[in-house]
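First the structure, in the form of structure tokens, and then the observations on it.
In what follows, every heavy atom counts, from backbone to side chain, and hydrogens, waters and symmetry copies are set aside.
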Amino acid sequence: MPDRVDFTVATQPSTLEHYRRTWTPGPGVGLAGMWVSAVVNDAAGQTYWGLRGADDFLIGMTHVVSPITGFKKLTHSFDPDQPHLFAEYSAIDWFEPMQYTESPDSVVLSYPSGRIERDAKGFHWHDASGRWEIHGTGVTDIFTVRVPEQDGIIDQAYYRHELLSATGVVDGVEVSGYLHQDYAYGPPGMVYPELPIARQLQGMWVSWLHEYPDGEWGGGSFWQGRDGLAFGPGYQTKGGITTAHDDIVATPTFNGEGKLTTLDVTIGADSYTFTFDTAGSYVHYFGCLTGSSDGREPARSWCWVEYAGAMLGPEILDMVMQQYRLARGR
């Protein structure tokens, strides 16, 4: 593996076409994974984390990516075994076949336990039993990074991300906060654990959103390369403008137990500091924006980091994918 990888970054305004299953970011690729996630708070400050995946292990199936999460009620602790809100999501992953319908005005993914929709009003995520509903309004443009085939990278891949502000109800309680929707694309028939971003490049993934007292939103998302690899694609939104960057640098600080406590980030001429006091799993950390080069203090903020060190290498990912071979016809 070279110590540097070629890649390109871009942004574009979101349209309904981006959520149709026929849309791809370039030629020769197909959908290899889609995820929706909410990190929201109630009026008392309690944080809830929900995550749903689709097409990333089995094309045409959605799942709750449990035991990492279905919906969790996070406590300010680095204990990775945070309490689940709904018991059926607490032990094994929950795969369901999904149906896709579209019209000129909407796109809907439905499955027995719920549905995910896009329409002119934004994003909508419903539980079929009414235990939660989350609605999102776009804050950023869509960001895309492309990693082409090259020395050491045998398959091209794309990753796409956007941020939304969220409102809704979880377990009967009104909540608001942060939402994102992200996608992966690769050679037709491949899924995310088979793509080079997951297998060779990812050292850290970061996504955050903050709101200032005057209602202005900021935030972004980015990657950092594994084992010193120069791989820093990402974007930020500032003053209502989304900009893509290819040289983001993040410096983490860990405590004596190896838990992430702070992250110092440089994006172009801007710098940010994030502080963490919560784990959602063995590889996921949650915190907030505690400093920035412009000196402004946000009224509220959310930051989510996925950091697995060298844990998620090709050997582990191949072992995970073994159980899906028969269902994939492989």
Donor-acceptor contact present, side-chain [X] to main-chain [Y], <3.5 Å:
{"X": "Gln224", "Y": "Ile248", "answer": "yes"}
{"X": "Thr62", "Y": "Gly53", "answer": "yes"}
{"X": "Ser221", "Y": "Val206", "answer": "yes"}
{"X": "Arg146", "Y": "Gln156", "answer": "no"}
{"X": "Asn41", "Y": "Ala44", "answer": "no"}
{"X": "Glu216", "Y": "Gly239", "answer": "yes"}
{"X": "Asp246", "Y": "Pro233", "answer": "no"}
{"X": "Gln150", "Y": "Asp6", "answer": "yes"}
{"X": "Glu102", "Y": "Arg20", "answer": "no"}
{"X": "Gln82", "Y": "Thr75", "answer": "yes"}

What's the verdict on side-chain contact (heavy atoms from CB on, under 4.5 Å) for Val9 and Tyr235, showing C-alpha distance, side-chain angles and the deciding distance? CA-CA 9 Å; Val9 295; Tyr235 73 99; over 6 Å; no
Evaluate the criterion side-chain contact (heavy atoms from CB on, under 4.5 Å) for residue pair Thr47 and Phe286; output intermediate values, then yes/no. CA-CA 10 Å; Thr47 301; Phe286 297 88; 5.9 Å; no
Check for me whether Arg131 meets the cation-pi criterion with Phe71, that is, NZ or CZ under 6.0 Å from the six-membered ring centre and within 45 degrees of the ring axis. no
Is Arg160 positioned over the aromatic face of Tyr19, cation under 6.0 angstrom from the ring centre and no more than 45 degrees off axis? yes
Is there a side-chain contact between Glu257 and Phe78 in this structure, where contact means two heavy atoms from C-beta onward sitting under 4.5 Å apart? no
Less than 4.0 Å between a side-chain N and a carboxylate O, is that true for Asp171 and Lys73?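 Between Asp171 and Lys73 there is no salt bridge, as every charged N stays at least 4.0 Å from the carboxylate O atoms.
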Is any side-chain N of the basic residue among Arg296 and Asp214 closer than 4.0 Å to the acidic one's carboxylate O? yes
Polar side chain donor-acceptor pair, [X] to [Y], under 3.5 angstrom:
{"X": "Thr140", "Y": "Thr237", "answer": "no"}
{"X": "Arg226", "Y": "Gln200", "answer": "no"}
{"X": "His161", "Y": "Ser207", "answer": "yes"}
{"X": "Asp105", "Y": "Ser103", "answer": "no"}
{"X": "Tyr158", "Y": "Thr24", "answer": "no"}
{"X": "His18", "Y": "Gln12", "answer": "yes"}

So does Glu149 have more than 12 non-hydrogen atoms from other groups sitting under 6.0 Å from CD? yes
Crowded around Glu174 CD? As in, over 12 foreign heavy atoms under 6.0 Å?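 Result for CD/Glu174: open.
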Do [X] and [Y] land in one hydrophobic cluster if side-chain heavy atoms of ILVMFWY residues count as linked below 4.5 Å?
{"X": "Phe254", "Y": "Val305", "answer": "yes"}
{"X": "Phe123", "Y": "Val139", "answer": "no"}
{"X": "Tyr183", "Y": "Val147", "answer": "no"}
{"X": "Phe274", "Y": "Tyr285", "answer": "yes"}
{"X": "Val169", "Y": "Leu164", "answer": "no"}

Using atom types as modelled, flag every donor-acceptor pair under 3.5 Å from a side chain in residues 32-40 to any protein atom, sequence neighbours excluded.
from, atom 1, to, atom 2, distance (Å)
Trp35, NE1, Asp56, OD2, 2.8
Ser37, OG, Trp49, NE1, 3.4
Ser37, OG, Gly50, O, 2.9

Less than 6.0 Å separating the ring centroids of Phe86 and Trp94? no
